[in-house]
Every structure is written in structure tokens, then in C-alpha cells.
Engineer: 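Just dropping this structure here.
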Amino acid sequence: MADITKALNLDELASKESPIHNLDGRIKLISAILIIVVAAFSNNLFIPITLEIFLLIVIPLARLSYVDSFKRIAMLLPFGGAIIIFQPFIHPGNVLWSYSWLTITDVGLNWSILLLVRMIVSLTSIVILSSTSPMQQIVASLRRLKMPKDLAMILSIMVRFLFVFIDELAAIRKSQKSRNFHIHSKLTPYKWRVKQVGYSIAMMFVKSYEQGERVYKSMISRGYSDKSDLYNEKKSLERNDYIYITTIIIIIIVAEIILIKYTNQIGYLGENLSIN
């Protein structure tokens with residue numbers, strides 16, 4: 001099992017200094033959403049690939065490591081990759097390969113490639129956002145973008161106490177290791193190890209419930225009610241913020257113009273790969 005305390009490193013990474021880190025959180029959030037939406041609605045490879053090239057340029061500007069960024073993308077890929085794998089086999093079209101009852105069609109293969117490129121662009125955008133924006137900054141940006149008050153409050157509390165949860169879990173695992181417990185050990189019966197993990201999960205639920213009660217009572221004692229408002233820091237956008245979002249918009253517009261005027265020259269990248 002991976003060390004859960006590594007989750008703390010992400011917030012430390014997001015607190016570094018770089019031209020991208022220093023951008024307003026709202027701009028980074030809107031930019032990520034814009035790139036994801038444009039990539040998700042593109043029916044060809046040219047637009048997503050253009051956006052991915054831009055994101056690959058942003059990574060060194062944000063002083064991020066290509067290796068670490070690609071590792072994080074690779075860790076997230078299986079969540080949607082499992083769906084993409086089956087696409088070449090389930091859509092009708094011209095058969096490119098067949099074996100027994102398995103067949104790969106051109107329509108299914110093109111659709112799976114398009115989905116994969118869309119996913120890579122979206123994950124790259126998310127990785128850059130999470131690597132350059134601390135969690136609290138993302139929550140604050142959502143609040144400034146007029147997120148519903150109740151949802152903003154829940155998200156803010158969740159982010160604030162996520163690291164408390166991580167510390168509690170790390171303390172439990174440290175206590176288990178001090179007693180020579182290891183989940184992958186072959187010296188103890190498998191059922192007994194699973195039972196101990198179940199006890200740990202149950203203990204975390206109890207601790208979470210108790211912590212929630214303490215937090216709620218603390219908030220009530222400070223005058224919190226369902227009519228309370230969250231404080232939103234007023235922060236004006238700077239020139240670099242406008243330059244960043246304008247650059248993205250210009251890249252999208254130029255890519256669309258090139259796609260319309262030079263579809264034939266682009267070839268496969270300009271073809272409509274979506275399923276009609």
C-alpha cells in the first residue's frame with residue numbers, strides 16, 4: 001500500500017513559485033474547464049492535440065517535472081482507459097482484424113483513439129491545475145465564481161480536514177507497523193489481515209464522525225448557522241492572468257480556423273472520428 005502521507009506533497013508542490021503558480025486561481029480553474037470542454041466536444045484529433053502541445057509547454061513554465069506529471073496522468077488513465085479498450089470491438093464498421101468472435105472495426109478504432117486523446121488532454125489539464133493550485137485556492141476560486149453557498153461550505157470543510165484525516169490514518173498505520181503488522185506479510189493468515197484492515201477502516205469512520213461532531217459544535221459556539229456567509233477575498237486580476245486566458249482562447253480560435261480551411265491538408269488529424 002502506498003504511503004498516504006504522499007498526498008501532502010501535492011499541496012507543497014502547488015505552493016511553489018512560478019509564472020503559472022502566481023496566476024489567479026479563477027483564471028487557472030476557468031482555463032482548465034475551457035480546455036476540457038473544448039477537447040471533449042472535438043470530433044477530430046487536431047484540436048485536442050493542439051491543446052496538448054500547449055499544455056506540454058505550460059508544464060516547464062510551471063516548473064513541473066515531465067516525468068512526475070506523466071506518472072500522475074498514467075495513474076489516472078486506467079479509470080477511463082478500461083472503457084476505451086472495449087470500443088474497437090463493439091462498434092460496427094469495416095473489419096480491420098478478426099479472431100474467432102473478436103473483431104476490430106475502423107469506426108471503433110477511430111472512436112477509441114479520439115476518446116484516448118480527449119482523456120489525455122483533460123488529465124493533463126487537471127494535473128497542471130492541481131500541481132499549481134493549493135486545494136484551498138481552488139475552493140476559494142470556486143466561491144468567487146459564485147458556487148452555491150452550502151456546497152462551497154461543505155467543500156471548504158472537506159478540504160480543510162482532509163489532512164487531519166490523513167494524519168489520523170498515518171498514525172494508525174504507524175501504530176500497526178510498530179506492532180510488526182504488514183498487510184502483505186505471509187507470516188499471518190490472510191483472513192486475519194483482512195479483519196485488521198476492516199478494524200482500521202471502522203476506526204477511521206468512528207474518528208471521522210467524532211471529529212465532525214466536534215467541528216460542528218465548535219462552529220455553533222462561534223455563531224454559525226444556515227444563514228452564515230463565507231468570506232470571499234476580493235482580488236483583482238493582473239495582466240498575466242489576462243494574457244494566459246487570452247492565449248488559450250486565441251489558440252482555440254486559430255486551431256478551429258486552420259481546421260476549417262485546411263481540412264484536406266491536415267489529413268487524418270482533421271477527419272471526423274466521432275460515431276454518428
Side-chain angles (χ1 to χ4, degrees), residues 1-16 21 25 28-29 32 68 71-80 82 123 126-127 129-145 147-233:
M1 183 183 297
D3 190 353
I4 191 66
T5 56
K6 288 183 179 179
L8 297 172
N9 296 336
L10 182 59
D11 219 48
E12 294 178 2
L13 180 65
S15 300
K16 292 183 177 180
H21 283 78
K28 288 184 283 187
L29 187 60
D68 292 339
K71 283 182 179 179
R72 293 179 58 195
I73 293 172
M75 290 176 61
L76 296 172
L77 268 178
F79 290 96
L123 292 178
I126 292 172
V127 166
L129 174 65
S130 60
S131 300
T132 58
S133 305
M135 293 185 182
Q136 286 293 347
Q137 184 187 74
I138 295 176
V139 174
S141 299
L142 288 171
R143 291 206 307 262
R144 290 199 292 268
L145 291 173
M147 171 185 276
K149 183 179 66 176
D150 294 340
L151 184 59
M153 176 66 73
I154 293 172
L155 186 59
S156 179
I157 294 175
M158 182 195 73
V159 170
R160 185 177 295 275
F161 288 95
L162 176 63
F163 298 104
V164 177
F165 177 87
I166 292 174
D167 289 340
E168 290 287 346
L169 183 57
I172 291 174
R173 292 189 60 201
K174 185 176 181 180
S175 177
Q176 290 175 335
K177 287 181 179 179
S178 68
R179 291 166 175 80
N180 296 324
F181 171 79
H182 194 281
I183 189 172
H184 299 297
S185 175
K186 302 297 183 181
L187 302 177
T188 53
Y190 176 75
K191 290 184 178 180
W192 183 84
R193 282 179 278 146
V194 172
K195 185 182 293 185
Q196 300 309 310
V197 174
Y199 289 155
S200 301
I201 295 173
M203 188 182 301
M204 288 305 305
F205 273 112
V206 173
K207 286 180 173 291
S208 299
Y209 176 78
E210 293 176 347
Q211 182 67 34
E213 288 294 313
R214 288 195 294 269
V215 171
Y216 178 73
K217 291 178 180 178
S218 177
M219 293 170 67
I220 292 295
S221 67
R222 289 166 173 79
Y224 170 78
S225 69
D226 57 353
K227 297 181 180 179
S228 300
D229 291 324
L230 291 170
Y231 171 73
N232 288 327
E233 179 185 2

Engineer: Would you find a donor on one side and an acceptor on the other, under 3.5 Å apart, between the side chain of Lys28 and the backbone of His21?
Structural biologist: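 Between the backbone of His21 and the side chain of Lys28 there is a qualifying donor-acceptor contact (under 3.5 Å).
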Engineer: Supply the atom-to-atom distance Ser218 OG to Glu213 CD, rounded to the nearest 0.5 angstrom.
Structural biologist: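 Between Ser218 OG and Glu213 CD, I get 12.5 Å after rounding to 0.5 Å.
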Engineer: Consider side-chain contact (heavy atoms from CB on, under 4.5 Å). Of Glu210, Met204, Met203, which one does Val206 pass it with?
Structural biologist: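 Going through the options one by one, the only one that passes is Glu210.
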Engineer: Just verifying a value: how many Å separate Lys71 NZ and Leu76 CG, rounded to the nearest 0.5 Å?
Structural biologist: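 Output value for this atom pair is 14.5 Å.
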Engineer: When rounded to the nearest 0.5 angstrom, what is the spacing between CG in Leu129 and CG in Leu29?
Structural biologist: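 Nearest 0.5 Å value for the CG-CG distance: 6.0 Å.
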Engineer: Roughly how far, to the nearest 0.5 Å, is the CG atom of Asp68 from the CD1 atom of Ile73?
Structural biologist: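 Here the interatomic distance stands at 11.0 Å.
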Engineer: Does one side chain, of Arg193 or Gln196, offer a donor that lies under 3.5 Å from an acceptor on the other?
Structural biologist: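 No, because no side-chain N or O of Arg193 sits under 3.5 Å from a partner of the opposite role on Gln196.
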Engineer: Quick check against the 3.5 Å criterion: does Ser130 have a side-chain atom that pairs as donor or acceptor with the backbone of Ile126?
Structural biologist: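 Checked: pair present.
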Engineer: Quick one: CG on Leu142 to CD on Gln137, what's the gap to the nearest 0.5 Å?
Structural biologist: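 If we round to the nearest 0.5 Å, Leu142:CG and Gln137:CD are 10.5 Å apart.
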